[in-house]
There are 4 protein chains.
Amino acid sequence: MQNATYRLAIMWEMSTAEMRPKRGRRRDPDAQGAILQATRDLLLEVGYPKLSIESVARRAGVGKSTIYRWWPTRGALVLEATSSNLEIGVIPDTGDTSQDLAIAVRQLVDTFSDRLASTVIFAVIAHLEDDPRMAAAFRDAWVYPWRASARAAIERGMQRGDLPPDLDVDLCLDVLVGTVFQRTLVQARPDTEGLAAALTAMIAGSR
Amino acid sequence: MQNATYRLAIMWEMSTAEMRPKRGRRRDPDAQGAILQATRDLLLEVGYPKLSIESVARRAGVGKSTIYRWWPTRGALVLEATSSNLEIGVIPDTGDTSQDLAIAVRQLVDTFSDRLASTVIFAVIAHLEDDPRMAAAFRDAWVYPWRASARAAIERGMQRGDLPPDLDVDLCLDVLVGTVFQRTLVQARPDTEGLAAALTAMIAGSR
Amino acid sequence: MQNATYRLAIMWEMSTAEMRPKRGRRRDPDAQGAILQATRDLLLEVGYPKLSIESVARRAGVGKSTIYRWWPTRGALVLEATSSNLEIGVIPDTGDTSQDLAIAVRQLVDTFSDRLASTVIFAVIAHLEDDPRMAAAFRDAWVYPWRASARAAIERGMQRGDLPPDLDVDLCLDVLVGTVFQRTLVQARPDTEGLAAALTAMIAGSR
Amino acid sequence: MQNATYRLAIMWEMSTAEMRPKRGRRRDPDAQGAILQATRDLLLEVGYPKLSIESVARRAGVGKSTIYRWWPTRGALVLEATSSNLEIGVIPDTGDTSQDLAIAVRQLVDTFSDRLASTVIFAVIAHLEDDPRMAAAFRDAWVYPWRASARAAIERGMQRGDLPPDLDVDLCLDVLVGTVFQRTLVQARPDTEGLAAALTAMIAGSR
DNA sequence: ACTTAAGCGAGACGGTACGTCTCGTCTTAAC
DNA sequence: GTTAAGACGAGACGTACCGTCTCGCTTAAGT
């Protein structure tokens, strides 16, 4: 389940097929790595709002144009730099519905607690209105995968009879994500003890 | 009940009491109004990330220093400009718990659907990590008032026996806010039909 | 001879006649004194190019408008503040031409060596092209008086036969002022030993 | 002899030797030319005291940073823009002392009569106290060369016997420069007829 | 004593320019 | 033919002053 991950880079790159056989100097993996690492470092040091392309270039020992060549916007760079922090595994079928849902909640908490991931999530929200591509990339990389796998877990629970058969699954997903987001990031309350159980109970009890 | 509102300006101003007998020219209300209106206009036109102090001054026909004199940061200006969009009334006691909660959800939806309010909320979230004052001002002006009044509504329902007596009220508030935020702003799904009822049922059914 | 001095203020004021019978509060001598003293202090501390009206008002504990009410420009203020440093006495008739001329040169050196006087002279020169009033005020207060009195000394020498009878007096004055200015202010050479004698000899020897 | 000129730019630049093999885009000569021309135009239109970097950038159609990149101060920019107006040729040996000195005086008059040169000279004097670098640059570019060449002319005259052998040459130079400066710039008297002859006579007659 | 007209401090106002920073583009020499 | 370097036009940042304009208080002449 760990390898069911998604790459953000795809969103912003070419069709990735015809760029294989090329002449001249190839894309320098060292430069790319240095850029992404510098981006991560600076995200942790100064945060997304104060992260400038120039500072990344300076830190990475790289020309600005190299960054602009490969990433169209600051958001794209940040998303790719933090993509491994946004990898999300498939929720396993443990046979126990409440345990499955606890794993789902745990995944949310883990991601939202990760410094880099939370930084990029804030950035995505900040640009929800003026840069839909960033949100779309984040959705494809993290939101949809998690929702698909959490939806499967809930539907397993419904089939088992642990959850009401007429459950509004989409609403349940929103409740889970929304509540954990609210607690972890907005309220910055790290005490999530019993959160999974409480939410599971709430979902199970609704009719 | 509609007049139980809160003013954001207070957050950034002096104690407003001892500044009565002052010498020198007074603050020009026309200039203030023009600045706040220009801020609102530009927020709707270009959004918060692209709102510059210079553009506000230009639009308002005002010197930059007049803006810097009264608002310490862009965030403070935006918050005050949108303060009336963030007013929130007390939830009335209708005698019907589910109706009370529906009003609570309606308030959330209304605020989150307001273009200016949503813009400022995104801005607040964007600066959660690097400008705690903005978040604090928003909390005092909107979050706390709503939570206090929604908490009262839930506790009324518990006393009436419409809601379980051992309910985790804070969690319920997070579920309500989080879910509506998720639906309305993140998913941008305006179809909130039945949302109030579904959430009420979910809360009522949890044990 | 010490009282043959000139007031710069006159240049910038009204005809000084009809302003006699006036009602209301009179010009506050304390404020005037504080302003002029602050101007002198700041001239010595930061120099003319960096002297701002605001800093003078701040230093003098005075409103800006009080300054603008009485002095039309920065130059006018500076000139009046330093007027006592620009007082120039009449050259006495010692009976000895070379001694008279030595006194004339000494007066030039003394004025040019005075920190405040030199500051204001630089300011006058800086504005020669764009503020002729400043130059005119300086001319009336210092240049003309000195030239008149030095001209008299030279003409005494011509009558005595110590100087050639066909001397170009104006040129001599320019030579004296120009050379001392060059030495003292431009070259900043304080060693003016023998300067008076050398210049006197040069004038006397020309035919 | 006309090509024995001096460049002001050198004062503010690197040692100009090791900067040959450099990577990256080169200094754009068009931009430099536009900046220097705009500086000259504005010097003539509004004068040095009112010349702002922003107005130069605007006029030249250039970003401010391009100006700040190459000139550390307004003074440096002005000096380089007017450097060709400050070029000074070596005084030729005509064999006739009074003619040599007449040429020396003519050079002074010519430079002081040049609108751009006089503007920059006033600026240099205005900043004598607070920006010694500007004065130093002007000295190296114009003062020292002229003095060296005028000193040679005077010494030729002394060897020929046209001038007294015990002449104080430095004083003579100060007399020449100071007097012409006084006449031309301070008194703004353009009638310099006979000035050269009179000054030569005065120098020759001193003992 | 009462009125009335300045002068005063304070300080807000619309502006301009400062010098710095970053943007995204473009150009160059090196590898 | 990509890279690091870095110049370029553009324009916002937050600060400092400009000169003008209210304010409410103080001062003094003329009633």
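So you know, we letter chains A, B, ... as the sequences are listed, proteins then strands, and number each from 1. No hydrogens, no waters, no symmetry mates; every other heavy atom, side chains included, goes into these values.
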Quiz item: Where along residues 29-51 of chain D does a heavy atom fall under 4.0 Å from DNA chain E?
Solution: none
Quiz item: Should A:Thr66 be listed as having a side-chain N or O under 4.0 Å from OP1 or OP2 of F:dA4?
Solution: yes
Quiz item: Taking OP1 and OP2 of E:dT27, is either one under 4.0 Å from a side-chain nitrogen or oxygen of D:Arg27?
Solution: no
Just how far, in rounded Å, is [atom2] of [N] from [atom1] of [X]?
X       : N      : atom1 : atom2 : result
A:Tyr68 : E:dC26 : OH    : C1'   : 13 Å
B:Ile67 : F:dA12 : CD1   : P     : 13 Å
A:Glu54 : F:dA7  : CD    : P     : 12 Å
D:Asp28 : F:dA10 : CG    : P     : 13 Å
C:Leu77 : F:dC17 : CG    : P     : 15 Å

Quiz item: Okay, side chain of A:Thr119, backbone of A:Arg115: is any donor-acceptor separation there less than 3.5 Å?
Solution: yes
Self-check item: B:Ser55 side chain to B:Leu51 backbone, donor-acceptor under 3.5 Å
Solution: no
Among [options], the one nearest [X] by side-chain distance:
X       : options               : value
D:Ile53 : E:dC18, E:dG24, F:dT3 : E:dC18
D:Val62 : F:dG9, E:dG14, F:dC17 : F:dG9
B:Trp70 : E:dG9, E:dT25, E:dA12 : E:dA12
A:Arg69 : F:dT2, E:dC13, E:dC23 : F:dT2

Quiz prompt | Donor on one side chain, acceptor on other, A:Asp41 and A:Gln37, under 3.5 Å | solution = yes
Self-check item: Distance-only polar pair, side chains of D:Tyr48 and C:His127, donor-acceptor under 3.5 Å
Solution: no
Identify the two heavy atoms, one from [X] and one from [Y], that lie closest to each other, and give their separation to 0.1 Å.
X        : Y        : result
C:Ala135 : C:Val124 : CA-CG1, 4.0 Å
D:Val62  : D:Ala31  : CG2-CB, 4.3 Å
C:Ile67  : C:Ile53  : CD1-O, 3.9 Å

Quiz item: With sugar-phosphate meaning primed atoms plus P, OP1 and OP2, does C:Arg58 contact a base, only sugar-phosphate, or nothing at under 4.0 Å between heavy atoms?
Solution: sugar-phosphate
Practice problem: Please figure out whether A:Arg74 or D:Ser55 has its closest DNA chain E nucleotide nearer the 5' end. | Solution: D:Ser55
Quiz item: Hey, are C:Arg40 and C:Glu80 close enough for a salt bridge, meaning a charged N less than 4.0 Å from a carboxylate O?
Solution: no
Quiz item: With sequence neighbours excluded, what pairs up with B:Arg59 under the salt bridge (Lys or Arg N to Asp or Glu O under 4.0 Å) test?
Solution: B:Glu45
Please tabulate, one pair per line, each protein N/O and nucleotide N/O from nucleotides 21-24 of chain F that are separated by under 3.5 Å, including the distance.
{"residue": "F:dC21", "atom": "O2", "partner": "B:Arg25", "partner atom": "NH1", "Å": "3.2"}
{"residue": "F:dT22", "atom": "O2", "partner": "B:Arg25", "partner atom": "N", "Å": "3.3"}
{"residue": "F:dC23", "atom": "O2", "partner": "B:Gly24", "partner atom": "N", "Å": "3.3"}

